Amino acid sequence: MLNVFARAGVNRVTDPIGRRLVALGVTPDVVTVVGTIGSVAAALWFLPRGELVVGPWIITLFVLFDLVDGAMARARGYSTAFGGVLDSVCDRVADGALFAGLAWWCLGVGQERTLGIAALICLVAGQITSYVKARAEAAGLRADGGLVERAERLIITLLGTFLQGVGVPYALSVALWLLAALSIVTVGQRVVAVHRSAQEVDRAERQGS
């Protein structure tokens with residue numbers, strides 16, 4: 001959803017940064033890796049310790065690197081197959097660390113065992129959402145869209161975590177349970193999209209034979 005409506009505005013901010021970094025000789029792959037390492041380190045250091053105010057800000061800072069590497073590829077005029085795979089893998093690693101860090105807090109310092117289940121559901125559903133798309137595209141099918149893609153997952157989670165940190169009651173509970181439900185719906189939407197795409201391919205093949 002946000003990928004459709006916010007992309008143009010975001011690109012206006014990130015494209016100049018991307019052009020500047022390319023001019024300095026930095027590659028998109030380096031930015032991708034640095035952003036991932038920073039996101040993982042912040043998620044697994046701050047969140048399990050209950051530092052829910054500063055943690056989301058640091059994680060957000062490194063997550064924004066994912067916008068910059070795309071801008072750098074556009075500024076350079078081309079992207080590489082390896083860069084695309086690296087970006088996808090790093091996204092999964094960073095997202096996994098975020099929800100693992102929250103689950104760790106819930107089961108430890110936060111003493112929110114039930115909420116830890118929601119965090120684990122979000123972790124698994126988010127990975128499956130991305131896997132369905134990747135597997136579909138590998139088979140020549142489409143599996144785009146859905147209620148919550150990566151941008152929505154990150155915004156809901158990081159905002160809920162920050163609000164919990166500043167003392168808003170049940171903020172993280174609402175965020176994680178809502179996201180868990182929406183993520184499950186999104187997995188279903190993508191499976192349906194793959195099924196429809198497969199039917200279209202089958203019809204085209206029958207008509208062409």
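Small disclaimer: the values here were computed from a predicted structure and weren't measured.
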Inset, instruction - Could you walk me through whether Leu98 and Leu154 pass the side-chain contact (heavy atoms from CB on, under 4.5 Å) test, one step at a time? - result: CA-CA 9 Å; Leu98 170 61; Leu154 291 173; 3.7 Å; yes

Inset, instruction - With sequence neighbours excluded, give me every ring pair (Phe, Tyr, Trp, His ring centres under 6.0 Å) pair touching residues 38-58. - result: Trp57-Phe162

Legend entry - Closest heavy-atom pair and its distance - Gly160, Ala175: CA-CB, 3.8 Å

Legend entry - From Glu137 atom CD to Arg142 atom CZ, the distance as rounded to the nearest 0.5 Å: 11.0 Å

Inset, instruction - Heavy atoms only: give me the nearest Ala136-Ala143 pair and the separation to one decimal. - result: CB-CB, 3.8 Å

Inset, instruction - Could you list the residues that satisfy salt bridge (Lys or Arg N to Asp or Glu O under 4.0 Å) with Arg196, not counting sequence neighbours? - result: none

Legend entry - Side-chain heavy atoms of Val192 within contact of His195, under 4.5 Å: no

Inset, instruction - Is it possible for you to say whether Phe99 and Leu107 belong to one hydrophobic cluster, with membership spreading through side-chain heavy-atom contacts below 4.5 Å? - result: no

Inset, instruction - Determine whether Phe65 and Leu158 fall in the same hydrophobic cluster, where Ile, Leu, Val, Met, Phe, Trp and Tyr are linked whenever their side-chain heavy atoms lie under 4.5 Å apart. - result: no

Legend entry - Apart from Leu120 itself, residues in the same hydrophobic cluster as defined by side-chain heavy atoms under 4.5 Å: none

Inset, instruction - Grab the two heavy atoms, one from Ile121 and one from Trp177, that are nearest each other, plus how far apart they are. - result: CD1-CZ3, 4.3 Å

Inset, instruction - Write down the atom of Ala43, the atom of Ala97, and the distance for their closest heavy-atom approach. - result: CB-O, 3.6 Å

Legend entry - Qualifying side chain to side chain donor-acceptor pair (under 3.5 Å) pairs with a residue from residues 154-168, counting only residues at least two apart or across chains: none

Legend entry - Min side-chain heavy-atom separation Leu172-Leu102 under 4.5 Å: yes

Inset, instruction - Would you kindly confirm whether Val187 and Val124 end up in one hydrophobic cluster when ILVMFWY residues are joined by side chain heavy atoms under 4.5 Å apart? - result: yes

Inset, instruction - Quick one: pull up SG in Cys106 and CG in Leu176 and give me the separation to the nearest 0.5 Å. - result: 6.5 Å

Inset, instruction - To the nearest 0.5 Å, tell me how far Arg76 CZ sits from Leu21 CG. - result: 12.0 Å

Legend entry - Any donor-acceptor pair under 3.5 Å from Ser183 side chain to Cys122 backbone: no

Legend entry - Residues forming a salt bridge (Lys or Arg N to Asp or Glu O under 4.0 Å) with Arg92, sequence neighbours excluded: Asp95

Legend entry - Hydrophobic cluster membership, Val31 vs Ile37, 4.5 Å side-chain cutoff: no

Legend entry - From CA spacing to verdict: side-chain contact (heavy atoms from CB on, under 4.5 Å), Leu147, Glu152: CA-CA 8 Å; Leu147 283 175; Glu152 291 89 350; over 6 Å; no

Inset, instruction - Flag the pair Asp66 / Asp69 as yes when at least one side-chain heavy-atom distance between them is below 4.5 Å, and no otherwise. - result: yes

Inset, instruction - With the side chain counted from C-beta on, respond yes when Arg19 and Pro16 share a heavy-atom pair under 4.5 Å apart, and no when they do not. - result: yes

Inset, instruction - Please report the shortest heavy-atom distance between Val22 and Met72, naming the atom on each side. - result: CG2-O, 3.5 Å

Legend entry - Donor-acceptor pair, side chain of Ser197 and main chain of Leu141, under 3.5 angstrom: no

Inset, instruction - For the pair Val33 and Leu86, evaluate side-chain contact (heavy atoms from CB on, under 4.5 Å) and give the outcome as yes or no after the intermediate values. - result: CA-CA 8 Å; Val33 171; Leu86 178 66; 4.0 Å; yes

Legend entry - Separation of Trp105 CH2 from Glu51 CD (nearest 0.5 Å): 13.0 Å

Legend entry - Over all atoms of both residues, closest heavy-atom pair of Trp104 and Pro48: CE3-CG, 3.4 Å

Inset, instruction - Using the test salt bridge (Lys or Arg N to Asp or Glu O under 4.0 Å), find all partners of Asp91 that sit at least two apart in sequence or belong to another chain. - result: Arg150

Legend entry - Flag, side chain of Thr36 to backbone of Thr32, donor-acceptor distance under 3.5 Å: yes

Legend entry - Stepwise side-chain contact (heavy atoms from CB on, under 4.5 Å) check, Arg135 with Arg190: CA-CA 11 Å; Arg135 187 65 185 85; Arg190 289 204 168 178; over 6 Å; no

Inset, instruction - Check whether any side-chain heavy atom of Arg153 sits under 4.5 Å from a side-chain heavy atom of Leu179, and report yes or no. - result: yes

Legend entry - In one Ile/Leu/Val/Met/Phe/Trp/Tyr side-chain cluster, 4.5 Å: Leu115, Leu52: yes

